[in-house]
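Atom set for the values below is all heavy atoms of this structure, side chains included, hydrogens, waters and symmetry mates excluded. Only a predicted model underlies this, so the values are computations on that prediction, with no experimental measurement involved. In what follows, chains carry the letters A, B, and so on, assigned in the order in which the sequence lines appear, proteins first and then strands, with residues in each chain numbered from 1.
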Number of protein chains: 2
Amino acid sequence: MTGTRGYHHGDLRRALLDVAVTAIEESGPAALSLRELARRAGVSHAAPAHHFGDRAGLFTALAVQGFDSLAEALDGAGGELLDLGVAYVDFAVRHRAHFEVMFQPDLYRADAAEVRAARERAGAALRAGVATLPALPAQPTLPESRPGTAAHPGTADRSADGADRPRDAADRPRDAADRPRDAADRPRDAADRPGGLDGPQGDVLAAWSIVHGFATLWLAGALPAGVGDDPGEAARTVIRRVFIPAPDPN
Amino acid sequence: MTGTRGYHHGDLRRALLDVAVTAIEESGPAALSLRELARRAGVSHAAPAHHFGDRAGLFTALAVQGFDSLAEALDGAGGELLDLGVAYVDFAVRHRAHFEVMFQPDLYRADAAEVRAARERAGAALRAGVATLPALPAQPTLPESRPGTAAHPGTADRSADGADRPRDAADRPRDAADRPRDAADRPRDAADRPGGLDGPQGDVLAAWSIVHGFATLWLAGALPAGVGDDPGEAARTVIRRVFIPAPDPN
DNA sequence: GGCGAATCTTGTCAACGGCAAGATATGGTC
DNA sequence: GACCATATCTTGCCGTTGACAAGATTCGCC
């Protein structure tokens, strides 16, 4: 049935995705060519198009696969915030190709239903873990609540509906329209209201930001020496340093 | 002198960079075409090559410009950690095109001297600001230091300046073999040693990670609802929530 | 055994990146 | 003012790529 030779490959779609991951790990997503992909898989130059439609379709499939894998990895991390963060960084390092594609939405159709679903699964896993936060420093309400937002008028108005803030593409992913960039179709400052940035929402955002930033900087090779060669452990140290209020020795 | 019409453009290099920024803001770096660039600037398709050599050269120039602008923005932020973080996020949002290129090293020659220098300037500005950290929670030494790993001497730290970790690349950025993906030739665990992740080094890393992660997630459109439409303010809330230990009202 | 549909191939086209060779303007020198 | 080395920009070309169309082969199913 699933022979790998002959006119019908058997599982060409999966094979192409695997080859794509390898190629991306070698040279990055930008350098990925559908024809080179077909060449490596031993099929004709037009074979990939049948399974993915176009280049964006290939990246879309990779993104879905990536968000699903991430959700799985986070679900299996144990529920502790610390382990969750380490799992996140670990995923980024181990599945570098997927991770790079996932957070480069101009490469794929970020608004596709399957992408949204997979991303939501990963997001849920993340939120669930952050909910177990031992007890975030519970920052006392800050002295000056806020200088009065007026300070940053620049980015304020822009598009109210938010969906097409960034690049207004048409229907192609890389063209504008795709870039969700929602985030803007929501109330002005959510920070002060219940569920705002001062509550659990803020915890999630802070935790996600720090692990995502660490992973991204690591992958980009932007981190200076002295971090060590084990990103997972380094991340653990950093997360602990920031998030865990007291040693709680017992 | 700098006439903009005629056989000689006057300042084509700058014009091309400006047009590139606009194009990238519209459709992302991946979609940028040298020919389209030339078309928009009203010059022949080979004109850009004279100034930048190739596509990677163009991105290299953008990266240098970006790191310089970032350094400038950070220097002008005032020295307070909070303002520094907000300035970082603000830069990412306002100079989206530059920021995206800067942290996508497979697009350009990340090991070029000018890039190293500009990146170092930005890094210095960042470190300088973090040094003013009011007094990071001053985490008491953590209970369990770490399961071990201290034994591995690993290869002595090669780049002390830490600028070229990521993709060593020969001279082209995107071809294979470029992606060093090394990360394995640095001292094993730097966390426990002086200057390790438990000291100021850790503060810098944590602060940088959180603002970088926030900015990246924002740009990728990955942030869920509730964040508001002003990334700078949202970042301020998140940073303060994590970093500032006590109100310190005085 | 046969047929519709899925899978894969071959052929083609416009666009791109990169290179080479030529055209045109600029600035300095006598 | 004439001259020339050089920087700047153009034209022309080649191999590769993404996308599409049309055809060939095989599979699932009745």
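Nearer to the 5' terminus of DNA chain C, by closest-nucleotide assignment, is the contact made by A/H45 (compared with the other of A/H45 and B/E36).
B/H51 has no side-chain polar atom (N or O) that falls below the 4.0 Å cut-off from OP1 or OP2 of D/dA7. Between C/dT9 and A/H50, no contact under 4.0 Å exists linking OP1 or OP2 to a side-chain N or O. Taking side-chain N and O atoms only, B/S33 has no distance below 4.0 Å to OP1 or OP2 of C/dA15. One finds no side-chain N or O of A/R35 lying less than 4.0 angstrom from the OP1 or OP2 phosphate oxygen of C/dC16.
Put simply, CG on B/L16 is 12 Å from C1' on D/dT8, counting in whole angstrom units. Nucleotide D/dC20 holds its C1' atom 11 Å from the CG atom of A/D54, rounded to whole Å. Between the C1' atom of D/dC20 and the CZ atom of A/F52 lies a distance of 18 Å, rounded to the nearest Å. Separating the CG atom of B/L107 from the P atom of C/dG17 is a distance of 13 Å, rounded to the nearest angstrom. Between A/L12 atom CG and C/dT7 atom C1' there is a gap of 9 Å when expressed in whole angstrom units.
Residue A/R39 is in sugar-phosphate contact alone, with no base atom involved, counting any heavy-atom pair closer than 4.0 Å across all strands shown. No engagement by B/L37 is indicated, since no non-hydrogen atom pair under 4.0 Å with the nucleic acid exists.
By the 30° and 60° cut-offs, the orientation of the rings of A/H212 relative to A/F99 is tilted.
Closest of all the heavy-atom pairs between B/I210 and A/S209 is O-CB, 3.6 Å. Counting all heavy atoms, side chain and backbone alike, B/A61 lies closest to B/R13 at CB-NH2, 3.8 Å.
Ranking D/dG18, C/dC8, C/dG17 by closeness to the B/R55 side chain, first place goes to C/dG17. Listed candidates were D/dA19, C/dG18, C/dT9. Nearest to the side chain of A/A46 is C/dT9.
For an aromatic pair to be called close, the ring centres must be under 6.0 Å apart, and B/H95 with B/F91 satisfies this.
With respect to the salt-bridge test (charged N to carboxylate O, under 4.0 angstrom), the residues B/R236 and B/D230 do not qualify.
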